[in-house]
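The chains referred to below are lettered A, B, ... by the order of the sequence lines, with proteins before strands, and numbering in each begins at 1.
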Protein chains: 2
Amino acid sequence: MRYPASHKTTTRERILDEAGQLAKERGFATTGVDALMAAAGLTAGAFYAHFASKSELLSALVERELKRSQRMFAVDSDAALEAAIGAYLSPQHVERPRKGCPLPTLSSEVARADDTVRSTYARGLAEVVQQLAQRAGSEEKAWPMVAQAVGAVTLARALPAGRARKTLLDSVRDQVIAALRQPEGETAPPTSPSRPGRASPRKPSRLRSHPNS
Amino acid sequence: MRYPASHKTTTRERILDEAGQLAKERGFATTGVDALMAAAGLTAGAFYAHFASKSELLSALVERELKRSQRMFAVDSDAALEAAIGAYLSPQHVERPRKGCPLPTLSSEVARADDTVRSTYARGLAEVVQQLAQRAGSEEKAWPMVAQAVGAVTLARALPAGRARKTLLDSVRDQVIAALRQPEGETAPPTSPSRPGRASPRKPSRLRSHPNS
DNA sequence: GTCTATAGCAAGATAGAC
DNA sequence: GTCTATCTTGCTATAGAC
């Protein structure tokens with residue numbers, strides 16, 4: 001759990017948590033209020049005591065989920081960042097959207113949502129990118145890393161489990177980590193053709209599971 | 001138009017074309033058979049004379065759309081490929097999903113679809129990547145390019161038009177083109193910090209609009 | 001705050017006339 | 001092949017009891 005065990009979550013927080021997981025798994029627009037509330041152990045009628053509309057839930061969801069993602073990349077060493085990237089581009093993350101990053105799942109829903117949702121999304125994403133830019137050196141280096149990671153997970157989830165999915169994840173991981181290691185001003189060497197193995201770690205960099213909680 | 005003007009499209013082709021545009025714009029799952037058929041000038045009842053189910057339509061759609069995308073990247077020079085990449089990562093492509101690549105829009109729908117759809121998607125995507133690998137040098141270089149481009153368009157569509165969106169598109173374009181120019185075995189230099197301008201072209205490389213037709 | 005019940009609408013799919 | 005009409009189900013949102 002992310003919070004002290006003593007913390008008794010409020011109902012609203014529980015809805016956000018459970019509905020968020022379900023929305024990332026099944027899609028937000030395609031999942032009814034009924035199902036979203038049932039995930040939190042409630043019925044649809046109670047929903048509107050917490051949110052004015054389904055769209056407002058999406059906004060709250062996006063804000064909360066992006067804060068989570070931001071925390072996952074708030075690391076204090078290059079090795080830790082590489083471990084987080086490895087976890088992001090792992091089969092586990094691909095296979096468990098419930099516990100994963102909101103960007104691959106919810107971005108296309110946000111693209112079709114109202115301006116309030118989009119603003120919330122823009123703010124949250126900007127914070128993620130700016131934080132990443134502190135380690136990567138610049139926003140211009142951070143954006144491609146984010147785009148690559150989000151694109152890779154999006155594509156990997158649509159592919160059946162198999163060789164193509166693995167090649168995709170491995171080569172994108174190697175590319176992103178190589179770009180990260182590149183000295184400021186130049187660009188990253190792709191590292192040698194990535195076989196099953198991972199980008200040769202400078203330090204053994206232990207793998208941490210991406211999924212929260 | 002993609003086909004000789006004399007070509008009179010069959011009804012099925014017209015459905016695939018118009019429904020495809022609508023699905024990319026509004027989402028496949030969230031758009032009813034009624035609306036998809038209306039786009040082709042027909043009513044919902046006629047749908048099942050052409051497809052056994054809505055899911056079968058998605059499969060046919062994915063196959064057709066990915067073939068289109070493949071054609072867009074079937075180029076015979078590096079300059080032409082760079083132009084195609086520039087068009088893919090352009091504001092026009094971001095703003096007109098109807099006419100654009102199916103990967104940013106439909107991948108998350110495919111991820112939740114049945115095995116038939118996913119197989120079709122896997123085949124189509126593999127062909128795109130393999131073709132790209134012929135110019136990029138290897139699959140391991142092609143996958144990150146595709147992931148990056150798809151991720152960038154996905155994120156850009158969720159962001160409001162503005163500075164962040166532009167920085168995203170510009171820096172990803174520079175990064176992808178730099179990676180492409182990198183000699184085999186090494187990795188791409190990110191090019192100097194990309195201001196409003198584009199990656200300095202070796203040749204003036206005229207910009208072609210990505211959207212088909 | 002949460003429930004049940006329901007209004008009002010749209011979904012996927014089928015039937016039968018033409 | 002295409003239409004209209006319809007079946008059944010699910011959707012967002014509201015009303016009113018507790």
- Interatomic distance, Phe51(A) CZ vs dG1(C) C1' [rounded to whole Å]: 14 Å

- Has Arg98(B) got more than 12 heavy atoms of other residues, nucleotides or ligands less than 6.0 Å from its CZ? yes

Extract all donor-acceptor atom pairs below 3.5 Å that involve side chains of residues 113-125 of chain A and protein atoms in other chains or at least two apart in sequence.
{"residue": "Asp114(A)", "atom": "OD1", "partner": "Thr116(A)", "partner atom": "N", "Å": "3.2"}
{"residue": "Asp114(A)", "atom": "OD1", "partner": "Val117(A)", "partner atom": "N", "Å": "3.1"}
{"residue": "Asp114(A)", "atom": "OD2", "partner": "Ser55(A)", "partner atom": "OG", "Å": "2.7"}
{"residue": "Arg118(A)", "atom": "NH1", "partner": "Ala111(A)", "partner atom": "O", "Å": "2.9"}
{"residue": "Arg118(A)", "atom": "NH1", "partner": "Arg157(B)", "partner atom": "O", "Å": "3.3"}
{"residue": "Arg118(A)", "atom": "NH2", "partner": "Leu159(B)", "partner atom": "O", "Å": "3.2"}
{"residue": "Ser119(A)", "atom": "OG", "partner": "Asp115(A)", "partner atom": "O", "Å": "3.0"}
{"residue": "Thr120(A)", "atom": "OG1", "partner": "Ser59(A)", "partner atom": "OG", "Å": "3.0"}
{"residue": "Thr120(A)", "atom": "OG1", "partner": "Thr116(A)", "partner atom": "O", "Å": "2.9"}
{"residue": "Tyr121(A)", "atom": "OH", "partner": "Ser107(A)", "partner atom": "OG", "Å": "2.7"}

- Message: Is Thr43(B) close enough to dT2(D) that one of its side-chain N or O atoms is under 4.0 Å from OP1 or OP2 there?
- Response: no

- Message: I need the CE-P distance between Met37(A) and dT4(C), as an integer number of Å.
- Response: 12 Å

- Item | Leu42(A) CG to dT2(C) P, straight-line distance once rounded to whole Å | 6 Å

- More than 12 heavy atoms of other groups within 6.0 Å of Asp34(B) CG: no

- Over how many whole Å does the gap from His50(B) atom NE2 to dA13(C) atom C1' extend? 16 Å

- Message: I'd like to compare against my own output: the B/S/- annotation of nucleotides 10-15 of chain D with a strict under-4.0 Å heavy-atom distance to protein.
- Response: -SSBB-

- How long is the span from the NE2 atom in His50(A) to the CD atom in Glu56(A), to the nearest 0.5 Å? 12.0 Å

- Separation between CZ of Arg173(B) and OH of Tyr88(B), rounded to the nearest 0.5 Å: 15.0 Å

- Message: I need the CD1-C1' distance between Ile15(A) and dG1(C), as an integer number of Å.
- Response: 10 Å

- Side-chain N,O (Thr11(A)) to OP1/OP2 (dT2(C)) below 4.0 Å: yes

- Short question: side chain of Glu18(B), backbone of Arg14(B) - any donor-acceptor pair under 3.5 Å? no

- For Leu57(B) and dG12(C), what is the distance between atoms CG and P respectively, to the nearest whole Å? 10 Å

